[in-house]
Protein chains: 2
Amino acid sequence: MDAAEPTEGAAWDEVTPDAARRLLIAAVEAFAEQGYHATTTRDIAGRAGMSPAALYIHYKTKEELLHRISRLGHEKAVRILQAAADAEGSAAERLARAVRSFVVWHAEHHTTARVVQYELDALGPEHRAEVVDLRRQCDAAVRRILLDGVRDGEFDVPDVPGTTLAVMSLCIDVARWFNAAGRRTPDEVGVLYADLVNRMVRSGA
Amino acid sequence: MDAAEPTEGAAWDEVTPDAARRLLIAAVEAFAEQGYHATTTRDIAGRAGMSPAALYIHYKTKEELLHRISRLGHEKAVRILQAAADAEGSAAERLARAVRSFVVWHAEHHTTARVVQYELDALGPEHRAEVVDLRRQCDAAVRRILLDGVRDGEFDVPDVPGTTLAVMSLCIDVARWFNAAGRRTPDEVGVLYADLVNRMVRSGA
DNA sequence: CCCATCGCTGAGCAAGCGCTTAGGGAGCGC
DNA sequence: GCGCTCCCTAAGCGCTTGCTCAGCGATGGG
């Protein structure tokens, strides 16, 4: 389907210089494993092979690290969903693409996704507001597909906002339970979930 | 202050003495708002109107508080799902009841549910193992309903374990996004979700 | 009226936290 | 060689954390 998903390392290409990227990747792993509040700056620096003080050359605070991770992750999510919503094809095809690529991203980058989706409350007020706005754009993209499908008679969806919520919720929760060592590949989960969501909205019964 | 949630107080009836219950309810609120690691023992004791030291008369450690909350919550979840699985009626009726009551519980007690579902990793190894076992019982109850429905030709479910996972995931994530001040009541969400899940598994299209 | 018991508090300890500061060493133009 | 810049470290500051402990006031049996 769409262009190959970048790998874990390549996803942070835009973060420079090298030391800042290494710290950020270390922070993602630590936050995903233990949560933001349980992670110490010493732990992050240690994973990146640096002394505790090195962190503060590249980031003002620990919270700024989380903010950078959260913003980059949400921007990626918005891009994935808007690409699907803007694509050619029937509403069913666009919805399937949206769910599949969104789920694959959550499964493949489940460490990043876990931080992005579950550490939102650890952000400061203005940083959180910025990220909440990006989430609204995610919702809007999915809702647009559903509304198109209802308008064209493709879908039977009595409660569009509620179903949008449920679809997003289903995809996001993948980050919580997905385990790379488990028996399902990200793509298998994506295909399964696209089918389940299609069943939720298809008309006729 | 919690008059809006009539069952909230009654849910912790079994916790005695009174001071221990007040501390536990304070801990649920604090953990749900800020997360386990961001909550201090001083905060919990303060919410219960006590000094920091009072906590350690009733609980050995902060982790024991989380364990008690998590265990009681999971036991309730198991009871809800097994009651639905064991009920009379068609598989569709039992599935609808399971989803509806499970979702209503997550919405009504979303503070408790948030702690129960998202602070699992903060438990010590042996306490976590105990709780993970209870979660397997939850999964098993839902899977049993799906298998019955497939056997009787009521459901069309190509991937029973995967669909079980998705149904549980959908219900659990309610605890993350549900807001008591929002425009949906717990019962409305329960009815909506029961319908969406029914559409996932119904045969014919 | 006394004193043991229970539930609790005030004060504080050792450890660990986020973050700062002074300074070292490699690479560069001149 | 010299000085300048850029990354980085060792040491540590001020503060908060989970948890402890000696002791206090209220209660109730004798």
Side-chain angles (χ1 to χ4, degrees), chain A residues 12-70 115 119-128, chain B residues 12-70 115 119-128:
Chain A
W12 303 113
D13 265 0
E14 50 194 304
V15 180
T16 54
D18 184 69
R21 181 173 49 249
R22 268 159 50 218
L23 283 165
L24 193 126
I25 292 171
V28 167
E29 287 172 9
F31 291 162
E33 279 175 29
Q34 310 159 330
Y36 174 80
H37 288 293
T39 299
T40 68
T41 54
R42 285 166 176 81
D43 182 17
I44 297 169
R47 284 171 191 249
M50 297 176 186
S51 79
L55 196 152
Y56 293 91
I57 293 160
H58 301 283
Y59 302 95
K60 268 212 312 262
T61 63
K62 181 175 138 182
E63 196 262 355
E64 190 192 320
L65 257 172
L66 177 62
H67 171 55
R68 282 271 228 284
I69 294 166
S70 198
V115 178
E119 301 293 347
L120 207 132
D121 289 341
L123 287 169
E126 69 291 346
H127 286 165
R128 178 162 60 244
Chain B
W12 303 114
D13 265 1
E14 48 194 303
V15 180
T16 55
D18 184 69
R21 182 171 49 248
R22 269 159 48 219
L23 283 165
L24 193 127
I25 292 171
V28 168
E29 288 172 9
F31 291 163
E33 280 175 29
Q34 310 159 331
Y36 174 80
H37 288 293
T39 300
T40 67
T41 53
R42 284 165 176 80
D43 182 19
I44 297 169
R47 284 172 191 249
M50 298 176 185
S51 81
L55 196 151
Y56 294 91
I57 293 159
H58 301 282
Y59 302 94
K60 267 210 317 257
T61 63
K62 181 175 139 184
E63 195 261 358
E64 190 191 321
L65 257 173
L66 178 62
H67 172 55
R68 282 271 229 284
I69 294 166
S70 198
V115 178
E119 303 291 348
L120 206 133
D121 289 342
L123 287 169
E126 68 292 345
H127 286 164
R128 178 163 58 244

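Note that the coordinates shown come from a computational prediction; the quantities given were computed from them, not determined experimentally. Order of the sequence lines sets the chain letters (A, B, ...), proteins ahead of strands, with each chain counted from 1.
- In this model, the phosphate group of D:dT20 is not approached by any side-chain N or O of B:Y56 to a distance below 4.0 Å at OP1 or OP2.
- OP1 or OP2 of C:dC8 has at least one side-chain nitrogen or oxygen of B:H58 nearer than 4.0 Å.
- When the P atom of D:dT16 is taken as reference, atom CG of B:D43 falls 14 Å away, rounded to whole Å.
- If you check C:dC17, D:dC19, D:dA11 against the side chain of A:R42, the one that comes closest is C:dC17.
- A sub-4.0 Å separation between OP1 or OP2 of D:dG18 and a side-chain N or O of B:T41 is present.
- Between B:L23 and B:A45, the shortest heavy-atom contact is CD2-CA, 4.1 Å.
- A donor-acceptor pair under 3.5 Å is absent between the side-chain atoms of B:R42 and the main chain of B:P52, judged by distance alone.
- For A:A54, whose side chain is taken as the heavy atoms from C-beta onward, the closest listed nucleotide among D:dT9, D:dT17, C:dC8 is D:dT9.
- Taking the C1' atoms of five terminal pairs at each end of the helix from C:dC1-D:dG30 to C:dC30-D:dG1, the two resulting helix axes are inclined by 10°, rounded to 10°.
- Here the nucleotide nearest the side chain of B:S51, chosen from D:dA10, C:dG10, C:dG18, is C:dG10.
- Residue-to-nucleotide proximity on DNA chain D shows that, of A:A20 and B:H37, the 5′-proximal contact is made by A:A20.
- With hydrogens and angles disregarded, a donor-acceptor distance shorter than 3.5 Å links the side chain of B:E63 to the backbone of B:G124.
- A donor-acceptor pair under 3.5 Å is formed between the side chain of A:R128 and the backbone N or O of A:L123.
- The distance from atom CG of B:L55 to atom C1' of D:dG18 is 10 Å, rounded to the nearest whole Å.
- Of the options A:L55, A:T41, A:V28, A:T39, a side-chain contact (heavy atoms from CB on, under 4.5 Å) to A:L65 is made by A:L55 and by none of the others.
- In this structure, A:R22 atom CZ and D:dC7 atom P are separated by 13 Å, rounded to whole Å.
- Taking atom CD1 on B:I57 and atom P on C:dT9, their separation rounds to 7 Å, with Å as the unit.
- In this structure, OH of B:Y59 is placed 14 Å from P of D:dC19, rounded to the nearest angstrom.
- If you measure from atom CE of B:M50 to atom P of C:dG10, you get 13 Å, rounded to the nearest angstrom.
- The main-chain N or O of A:L66 is never found under 3.5 Å from a side-chain atom of A:Y59 such that the two would form a donor-acceptor pair.
- Closest contact between the side chain of A:T40 and the listed nucleotides D:dC19, D:dC7, C:dG18 involves C:dG18.
- Closest to the A:K62 side chain, of the nucleotides D:dT9, C:dC19, D:dC19, is C:dC19.
- The distance between atom CD of B:E64 and atom P of D:dC19, rounded to the nearest whole Å, is 10 Å.
- Smallest separation of non-hydrogen atoms from A:A30 and A:I44: CB-CG1, 4.5 Å.
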